[in-house]
Amino acid sequence: MTPVAALVPPRLPDPRSVVESIDSMVMFQVRGRVASVTGDAVTVQGMTAPLGALCELMPPDAKPTLARVIGFDNTRPILAPLEAISRLAAGDRVRLVSNAMSLRVGGSLCGRIIDAFGRPIDGRPLSEDLSRVVVSHTSPDSLSRPPIDQPLQTGVRAIDGMLTCGIGQRLGIFAGSGVGKSTLLGMITRGTNADRVVIAMVGERGREVNEFIQNSLGPEGLKKAVVVVATSDRPAAQRLSAAMTATSIAEQFRDDGHNVLLLVDSVTRFAMAQRELGLAAGEPPTTRGYPPSVFNMLPQLVERAGRTEKGSITAFYTVLVEGDDQNEPIADTVRGLLDGHIVLNRKLAHRGHYPPIDIPQSISRLQNQLVTPEVRESVLKIREHMVQYENSEDLISIGAYRAGTDPRIDSAIAMRDPINLMLRQNSSDQTPLADSQRLLVTLAATPPNVAAQMIADANKRTAG
């Protein structure tokens, strides 16, 4: 007897998304002409359009180019091209396309690599079951956010044990260039127990995109991930849109009831893109050349992540600090907006300590709400050993410290190697959250000579 195929009912689009898409449509033709071009800013006369609207620049002998309204010169809209302009002259036609940017999202988007407009760049067409949503959303109401009370597994022992992250939490990864941010993001993507992963690669070098997807992310990590790419050679408006597009995709997954992991690399390049647009729109430069709109845009981006009644978005935002200065304007602003920060230390990377997470300088503000009292006490004890050794490192390294002078320093010296063994991890290894915390508790309660062998055995089991 031939089995009857199971009936799969069609997936109806979210009514809210349908209403937003209809509202963003332009029901009549609105046209104008290019008045002037200054840098990346195109001033248009003869038409008007709302802030954030999409327009089409239409040179007579070239392909039309999308642009977004970023400001006004009196009553004339100022546009920022979303694509490279091939030819453009004063008097060329301009057409209003949509009042807001939209894209198609859905479960079948997982495993795909798209650009800032939601168009596939991996050589395959998008599935027909995707629904269209508007990119720009407001953040969830503060009173509608449930408390964050469950930990999220990242598979990285240093994070799961010492800097436990909660489902719906927002953390920053602060580091200079070339310290290992992309490798750490790949480890988190492969080791997490989140249902969906959305990755925004904002302003990355073109060579690094494919390397990250193939080496850091890998086939297993890509299966449940959506990668949004806008490389450094793309116009500023497109780099800015990539982070917003990734956040919109994560929001749709969250509204479908999933726990989503959102990774934005990097929020610094997002801010630099907004700096270009702000200056082009005529804003005055303030702190280190950043106009006020940058510091207004950052909270609008990060506040969209978090937990709601339907699902959650746990977000990691990488911050590229200039010259390893942790107090530069973007790093300082983002640190105040997030629920914790993970600092990558260049000295640790030079010593071959990977991932190079500086535990004393890092913190998860919600950790105490997510772990047991036993784990909390173990974290404090190990932190105390690390800080004690760090404060006395100069004396120890030159041989000026004599053993037995201070029992706390003696204990810190004895525990240094076992602690480092626990915090070091191969990029291909993944440790379950429960195992990381169990290892942490055992380490804090074990004599140093026994702890070193115990950690080494655990590392072998993880690698195996």
Side-chain angles (χ1 to χ4, degrees), residues 20-60 62 64-103 116-117 134-139 230 234-245 247-248 269-301 303-304:
E20 289 178 344
S21 298
I22 293 174
D23 289 342
S24 67
M25 293 173 63
V26 178
M27 302 299 181
F28 46 86
Q29 290 287 335
V30 178
R31 295 179 181 269
R33 298 275 180 178
V34 173
S36 64
V37 178
T38 306
D40 285 338
V42 179
T43 305
V44 179
Q45 62 184 4
M47 64 172 280
T48 186
L51 197 66
L54 286 183
C55 297
E56 208 170 47
L57 305 174
M58 306 170 68
T65 303
L66 284 176
R68 186 164 64 87
V69 179
I70 61 170
F72 297 90
D73 178 12
N74 292 324
T75 59
R76 301 188 301 177
I78 300 174
L79 309 183
L82 287 160
E83 302 170 288
I85 300 177
S86 54
R87 282 192 292 267
L88 193 66
D92 285 349
R93 291 182 300 158
V94 181
R95 180 174 70 92
L96 177 62
V97 176
S98 172
N99 288 324
M101 184 182 292
S102 63
L103 70 151
F117 313 117
V134 175
V135 171
S136 298
H137 287 151
T138 56
S139 58
R234 300 289 105 184
Q238 188 174 148
R239 282 179 270 135
L240 188 79
S241 297
M244 296 297 189
T245 295
T247 304
S248 295
R269 296 191 178 104
F270 169 86
M272 291 171 69
Q274 178 58 31
R275 176 170 64 180
E276 291 182 42
L277 298 182
L279 295 176
E283 286 189 72
T286 53
T287 309
R288 292 202 188 178
Y290 288 101
S293 63
V294 171
F295 303 100
N296 181 46
M297 187 76 74
L298 288 171
Q300 291 181 26
L301 175 69
E303 284 293 334
R304 290 170 65 178

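We number each residue from 1, following the sequence as shown.
- Contact between Leu54 and Leu96 at its shortest, heavy atoms only, is O-CD1, 3.4 Å.
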What do the steps show when you test Thr38 against Thr43 for side chain to side chain contact (heavy atoms under 4.5 Å, CB included), and what is the final call? CA-CA 8 Å; Thr38 306; Thr43 305; 5.7 Å; no
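- Of the inter-residue distances, the one linking Glu283 atom CD with Tyr290 atom OH reads 14.0 Å to the nearest 0.5 angstrom.
- The closest side-chain heavy-atom distance from Leu79 to Val44 is below 4.5 Å.
- A heavy-atom distance below 4.5 Å is not found between the side chains of Phe72 and Ile78.
- Contact between Phe117 and Leu103 at its shortest, heavy atoms only, is O-CB, 3.9 Å.
- Distance check: Leu298 CG to Gln274 CD gives 9.0 Å after rounding to the nearest 0.5 Å.
- Annotation for Met272: atom CE does not count as buried by contact number, only 12 or fewer foreign heavy atoms lying within 6.0 Å.
- Nearest heavy atom pair, residue Glu83 against residue Thr65, reads O-CG2, 3.6 Å.
- Residue Arg95 qualifies as enclosed at atom CZ: its count of foreign heavy atoms under 6.0 Å is above 12.
- Considering every non-hydrogen atom in both Pro77 and Val69, the closest pair reads CB-CG1, 4.4 Å.
- Here the shortest heavy-atom pairing between Ala280 and Ile70 reads CB-CD1, 4.5 Å.
- Taking the side chain as every heavy atom from C-beta outward, Ser139 and Gln300 never approach each other to under 4.5 Å.
- Expressed to the nearest 0.5 Å, how far CG of Leu82 lies from CD of Glu56 amounts to 11.5 Å.
- Rounded to the nearest 0.5 angstrom, Arg239 CZ and Glu276 CD are separated by 4.5 Å.
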Q.
Test side chain to side chain contact (heavy atoms under 4.5 Å, CB included) on Arg304 and Ser248; report intermediate values, then the result.
A. CA-CA 9 Å; Arg304 290 170 65 178; Ser248 295; 3.0 Å; yes
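- Across every non-hydrogen atom of Val34 and Ala89, the tightest pair is CB-O, 3.6 Å.
- Note that CZ of Arg93 and CG of Leu57 are 11.5 Å apart. Values are rounded to the nearest 0.5 Å.
- For Asp40, the CG atom sits in a loose shell: 12 or fewer heavy atoms of surrounding residues, nucleotides or ligands are nearer than 6.0 Å.
- For the pair Thr245 (side chain) and Ala116 (backbone), a donor-acceptor distance under 3.5 Å is present.
- One finds the CG atom of Leu301 at 5.5 Å from the CE atom of Met244 (value rounded to the nearest 0.5 Å).
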